[in-house]
Amino acid sequence: MNAPATTAHLQPLTTPRPVPQAMLDALAARFGAQYSAAQAVCEQHGRDEGSLQAPPPAAVVFAESTQDVQDAVRLAAQYGVPVIPYGAGSSLEGHLLAVQGGISIDMGRMNRVLSVDADDLTVTVQPGITRKQLNEAIKDTGLFFPIDPGADASIGGMAATRASGTNAVRYGTMRENVLALEVVTARGEVIRTGTRAKKSSAGYDLTRLMVGSEGTLGLFTEVTVRLYPLPEAVSAAICSFPTIEAAVRTVIQTIQLGVPIARVELIDANSVRMVNAHSKLRLREEPLLLMEFHGSPAGVQEQAEVVQDIAREWDGNAFEWATTPEERTRLWTARHNAYFAAVQSRPGCKAISTDTCVPISRLADCLLDSVAEADASGIPYFLVGHVGDGNFHFGYLLDPAVPAERETAERLNHQLVARALRLGGTCTGEHGVGVHKMGFLVDEAGEGAVEMMRAIKRALDPQNILNPGKIFAL
């Protein structure tokens, strides 16, 4: 394996490039109140929700338009200074870290809906709008944007990391749902990729190239995504199981039978206890599946009955339904707050979160062995998973003052990813590569494929100023 299993890998190599005072002066003159070099502002923009640390950027530009992004990138290109796009700061693998110094461009003020094409089921937005803001803005159209990574991430950040989430089993990921982009290149030029048409055979698929590029090939200033009709009927259910294996086997059989379930989440017994304490719930403290069904009333009922029958075959019990919006919101809010519930369960701890994704047929093998290793380690952990598409997340709860715990967590992560790759899976289903999983990408794709990625990066960003030090080393 190319990814080391030591705590050294938890701290990225930092080789800051100098940011000339002349450039900072030019930024201050151009952007005025939209520019800040205050230490607190820079530190805020130099960390994400992950465990890695690096020195903060030298300055922050708060972009409000495509022209702002262009001008900032052009200055960066003039002085050869790195540029790091910043959305909502919710990434987990060090995507925002200024490992080579530079400046941060905050897209948060670029949060408008530019156009809604309800007849074509598309919407074009600025990158700083979050998924919740988007759905609030379009709620009167009878449509919604389904990609739900849990955090209220920005649409630009979700596109940059090829995010997915709880609805991916039915609605897909950002890869399938981003139709077109406006992108500022490393030279400060504006290009457009894709159209609102559902398909195209015109040239290279630059949209797919940009989606998942983690800010290393361009900065998104507009994003066009698919929308979906709000389902006529929605029903959520929880079902407890005696073992994790029983819950996973239920999911596998459900998917293999072609049941169009919208969401299916696994929460292990540890996490259920944490969620109960944090969200004041009374869920059975056993492994459980949290499911949601979309469609017509008759279709939802049929889906639910099929899944209920499958669950009974695996000793599923305490099937409980949540049919009102308030009940569903309460359950899904508890699921989305699982991370905070886990951190609260061990005061002063630091959570190191990781994810993998495997073919659905190998999910039980990968998950059960990973659970056994985590149990044997003695490290407190939480486990949640978008298991309908073979994706799951471990979060290891560490005492930051105990280096041995960090070593153990990294070893567990290493073993988990190695297992997923052996089973035909990927090193990350939705977190992205960032800094932490650079070595794992080589293990997954091979040196030849990663060198092809480097060639693309060199061609599009010859000065290596766009979020350098992420995905792979040049």
M210 to F220 - nearest heavy-atom pair and separation: O-CZ, 3.3 Å
Identified side chain to side chain contact (heavy atoms under 4.5 Å, CB included) partner of Y35 from the options V60, I103, V41, L24: L24
Contacts of E43 that satisfy side-chain hydrogen bond (donor to acceptor under 3.5 Å, both in side chains) - sequence neighbours left out: Q39
Interatomic spacing from CD in E265 to NE2 in H386 - rounded to 0.5 Å: 5.0 Å
N/O donor-acceptor pair under 3.5 Å between T124 side chain and S115 backbone: no
Other residues, nucleotides, ligands: >12 heavy atoms within 6.0 Å of R175 CZ: no
Rounded distance [0.5 Å steps], CD in E430 versus CE in M174: 12.0 Å
Salt bridge present between E373 and R419 (N-O < 4.0 angstrom): yes
side-chain hydrogen bond (donor to acceptor under 3.5 Å, both in side chains) involving S90 - partner list, sequence neighbours excluded: none
R454, CZ: over 12 other non-hydrogen atoms inside 6.0 angstrom: yes
K350 side chain vs P400 backbone, donor-acceptor pair below 3.5 Å: no
Stepwise side chain to side chain donor-acceptor pair (under 3.5 Å) test for T426 and E444: CA-CA 7 Å; T426 178; E444 176 177 331; 2.9 Å; yes
Carboxylate-amine/guanidinium proximity below 4.0 Å for K437 and E410: no
Heavy-atom donor-acceptor pair, R131 side chain to I155 backbone, under 3.5 Å: no
Ring pair (Phe, Tyr, Trp, His ring centres under 6.0 Å) against Y228, all qualifying residues, sequence neighbours excluded: Y171
Within 6.0 angstrom of R208 CZ, more than 12 heavy atoms from elsewhere: yes
Mutual orientation of the aromatic rings belonging to Y396 and F394 [parallel < 30°, tilted 30-60°, perpendicular > 60°]: parallel
E93 side, atom CD; H431 side, atom NE2 - distance, nearest 0.5 Å: 6.5 Å
Atom pair CG (L397) and CD (E405), whose distance is rounded to the nearest 0.5 Å: 9.5 Å
Side chain to side chain donor-acceptor pair (under 3.5 Å) between T66 and E182, intermediate numbers included: CA-CA 9 Å; T66 298; E182 181 183 83; 2.8 Å; yes
Donor-acceptor contact present, side-chain N391 to main-chain T356, <3.5 Å: yes
Lys/Arg-Asp/Glu bridge criterion (N-O < 4.0 Å) met for R263, D148: yes
Residues E214, N467; criterion side chain to side chain donor-acceptor pair (under 3.5 Å); working and verdict: CA-CA 8 Å; E214 301 183 13; N467 209 11; over 6 Å; no
Side chain to side chain contact (heavy atoms under 4.5 Å, CB included) against A334, all qualifying residues, sequence neighbours excluded: V275, S279, L281
Qualifying residues under side-chain hydrogen bond (donor to acceptor under 3.5 Å, both in side chains), relative to S36, sequence neighbours excluded: none
Any residue meeting ring pair (Phe, Tyr, Trp, His ring centres under 6.0 Å) with H45, in chain and number order, not counting sequence neighbours: F62, Y86
T130 backbone acceptor or donor facing D152 side chain under 3.5 Å: no
Under 3.5 Å: donor-acceptor pair, side chain of D71, backbone of R30: no
Q70 side chain to G188 backbone, donor-acceptor under 3.5 Å: yes
Geometric class of the H294/F144 ring pair [parallel <30°, tilted 30-60°, perpendicular >60°]: perpendicular
Straight-line distance of L181 CG to S213 OG, nearest 0.5 Å: 8.5 Å
salt_bridge(E451, R458) N-O dist < 4.0 Å: yes
Under 3.5 Å: donor-acceptor pair, side chain of N177, backbone of T173: yes
Check: N111 side chain, P127 main-chain N or O, donor-acceptor pair, under 3.5 Å: no
Atom pair OG1 (T354) and NE2 (H414), whose distance is rounded to the nearest 0.5 Å: 11.5 Å
Ionic contact status for D399 with R406, cut-off 4.0 Å: no
Expected output: side-chain K470 to main-chain T216 donor-acceptor under 3.5 Å: no
